[in-house]
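Take a look at the structure set out below.
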Amino acid sequence: MLVYPSSIDLSSGTLRYLTTRLRARRREIGTRWRRLPVGRQALLALAHLRCGDTYARLAAGFGIGVATVYRYIREVIDLLAAVAPTLTEAMKTVRAKAFVILDGTLLPIDRIAADTPYYSGKHKRHGMNIQVLTDPFGRLLWASPALPGSTHDLTAARRHGIIDALFEADVKCWADKAYQGAGPPVRVPFRGRRLERWKRRHNSTHAEIRCLGEQAMATLKGWRLLRKLRCSTNRITDIVKTVVVLHHAST
């Protein structure tokens with residue numbers, strides 16, 4: 001197996017944050033010896049999450065077994081997912097914003113055609129539905145738990161309690177046509193092909209505001225592991241939470 005040096009497009013602050021978390025975790029459980037020091041374990045996990053490197057490649061690069069790589073990454077994901085912000089906690093930040101942007105995205109997974117619940121008719125592929133809240137500048141505030149890809153965006157938003165939370169917080173929200181019927185907190189564009197001029201102007205202004213939310217989607221997809229998930233669908237929610245925590249730590 002050939003090994004070569006590579007790089008990760010993350011700041012050293014992200015590595016320090018994760019290293020500090022892992023060091024505290026090892027003290028808490030009384031770890032006496034590991035194959036990798038805490039800084040190397042943090043680097044290994046970041047390489048997997050940010051670059052999408054496989055367990056086999058990481059095992060060869062770090063000189064440890066594949067099973068050890070799996071345990072180290074699993075430990076990091078469980079550790080960070082536990083401290084990810086909940087919707088209630090995110091709403092405390094949202095209340096200070098002029099408005100928020102709500103959007104949904106599909107995280108592709110490797111499922112076969114028989115797995116109907118995970119197939120998105122909109123995207124024509126299998127995946128998991130994620131709902132995202134961003135501030136007026138498109139900065140990621142919160143990401144929802146993952147639901148099967150066949151779930152409609154409005155259904156997902158209601159199931160996660162996003163619509164009710166926005167109503168209780170009295171916060172305005174911009175969203176696309178998929179959220180028609182969400183209620184007063186959510187502003188959506190007019191539907192139809194032959195719209196009056198003022199409605200077309202409204203839709204154009206609405207699109208200029210809402211498109212900033214795509215920056216949050218790009219932030220998520222910047223973590224290459226989320227571009228094609230090959231793990232159990234039960235683990236995807238924790239992976240997304242981990243990415244959100246690391247993103248906030250790096251900003």
Side-chain angles (χ1 to χ4, degrees), residues 48-54 77 81 84 87 90 100-135 138-163 165-166 173-183 185-193 195 203-204 206-244 246-247:
H48 176 67
L49 294 167
R50 186 67 177 184
C51 304
D53 289 340
T54 63
I77 291 174
L87 179 59
V100 293
I101 301 170
L102 171 63
D103 203 357
T105 189
L106 188 81
L107 300 181
I109 59 175
D110 59 341
R111 287 297 182 270
I112 60 176
D115 294 322
T116 305
Y118 299 100
Y119 184 77
S120 169
K122 176 182 176 181
H123 297 89
K124 308 299 181 185
R125 65 190 308 176
H126 292 80
M128 300 295 286
N129 182 294
I130 298 292
Q131 300 295 302
V132 172
L133 285 174
T134 73
D135 69 6
R139 291 180 294 227
L140 178 63
L141 297 176
W142 177 80
S144 74
L147 292 175
S150 61
T151 308
H152 191 274
D153 282 340
L154 179 56
T155 302
R158 285 173 171 164
R159 189 173 300 179
H160 295 311
I162 299 173
I163 308 300
L166 290 171
C173 173
W174 266 252
D176 61 24
K177 296 177 182 178
Y179 298 89
Q180 289 278 352
V186 183
R187 299 187 176 187
V188 297
F190 292 103
R191 301 184 68 176
R193 295 183 178 179
L195 297 175
N203 284 0
S204 296
H206 186 281
E208 290 175 1
I209 296 173
R210 187 179 55 79
C211 71
L212 296 175
E214 296 298 328
Q215 296 180 23
M217 302 307 177
T219 296
L220 285 177
K221 299 299 176 66
W223 297 79
R224 295 173 186 83
L225 183 65
L226 298 182
R227 297 180 186 178
K228 184 71 174 196
L229 289 156
R230 295 176 174 84
C231 61
S232 167
T233 54
N234 296 327
R235 297 289 298 165
I236 294 177
T237 293
D238 284 347
I239 292 174
V240 172
K241 288 181 177 180
T242 299
V243 167
V244 172
L246 290 173
H247 169 69

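Quick note: residue numbers are just sequence positions, from 1.
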Intermediate values then yes/no, side-chain contact (heavy atoms from CB on, under 4.5 Å), M128 and L229: CA-CA 9 Å; M128 300 295 286; L229 289 156; 5.6 Å; no
Working for side-chain contact (heavy atoms from CB on, under 4.5 Å), residues W142 and V244: CA-CA 7 Å; W142 177 80; V244 172; over 6 Å; no
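- The closest donor-acceptor contact from the side chain of R187 to the backbone of C173 lies at 3.5 Å or more, if one exists at all.
- Within the 3.5 Å criterion, the main-chain N or O of K221 finds a donor-acceptor partner in the side chain of R227.
- Here T155 contributes atom OG1 and N129 contributes atom CG; the two are 9.0 Å apart, rounded to the nearest 0.5 Å.
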side-chain contact (heavy atoms from CB on, under 4.5 Å) between D103 and T134, intermediate numbers included: CA-CA 9 Å; D103 203 357; T134 73; over 6 Å; no
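- Under the side chain to side chain donor-acceptor pair (under 3.5 Å) criterion, D135 pairs with R139, sequence neighbours left out.
- The two atoms that bring T242 and A81 nearest to each other are OG1-N, 3.9 Å, heavy atoms only.
- In this structure, L225 CG and T54 OG1 are separated by 11.0 Å, a value rounded to the nearest 0.5 Å.
- The main-chain N or O of I162 is never found under 3.5 Å from a side-chain atom of H160 such that the two would form a donor-acceptor pair.
- A donor-acceptor distance shorter than 3.5 angstrom exists from the side chain of K124 to the backbone of G121, with no hydrogens or angles considered.
- Within the 4.5 Å cutoff, the side chain of L246 has heavy atoms near those of the W223 side chain.
- Looking at every heavy atom in both residues, K241 comes nearest to A84 through CB-CB, 3.6 Å.
- A search for side chain to side chain contact (heavy atoms under 4.5 Å, CB included) contacts involving P148 returns P117, Y118, S150, T151, not counting sequence neighbours.
- With rounding to the nearest 0.5 Å, the separation of CD1 in I130 from CG in D153 is 11.0 Å.
- Here the shortest heavy-atom pairing between P108 and L226 reads CD-O, 3.8 Å.
- When atom types are taken as modelled, the side chain of Q180 and the backbone of P189 share a donor-acceptor pair closer than 3.5 angstrom.
- Closest of all the heavy-atom pairs between L87 and A165 is CD2-CB, 4.1 Å.
- The line from CD1 of I163 to CD of Q131 is 8.5 Å long, rounded to the nearest 0.5 Å.
- Of all non-hydrogen atoms in Y179 and A157, the two that sit nearest each other are CE2-CB, 4.0 Å.
- Side-chain contact between L107 and I239 is absent, with no heavy atoms from C-beta onward closer than 4.5 Å.
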Full working for side-chain contact (heavy atoms from CB on, under 4.5 Å) between V186 and L154: CA-CA 11 Å; V186 183; L154 179 56; over 6 Å; no
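- Among residues two or more places apart in sequence or in another chain, the side chain to side chain contact (heavy atoms under 4.5 Å, CB included) test is passed with L106 by S120, H123, R125.
- When atom types are taken as modelled, the side chain of H126 and the backbone of Y119 share no donor-acceptor pair closer than 3.5 angstrom.
- Here the straight-line distance linking atom CZ of R210 with atom CG of D176 works out to 5.0 Å at 0.5 Å rounding.
- Scanning all heavy atoms of the two residues, the minimum distance from G138 to Q215 falls at O-CB, 3.7 Å.
- Interatomic distance, S144 OG to L133 CG, rounded to the nearest 0.5 Å: 8.5 Å.
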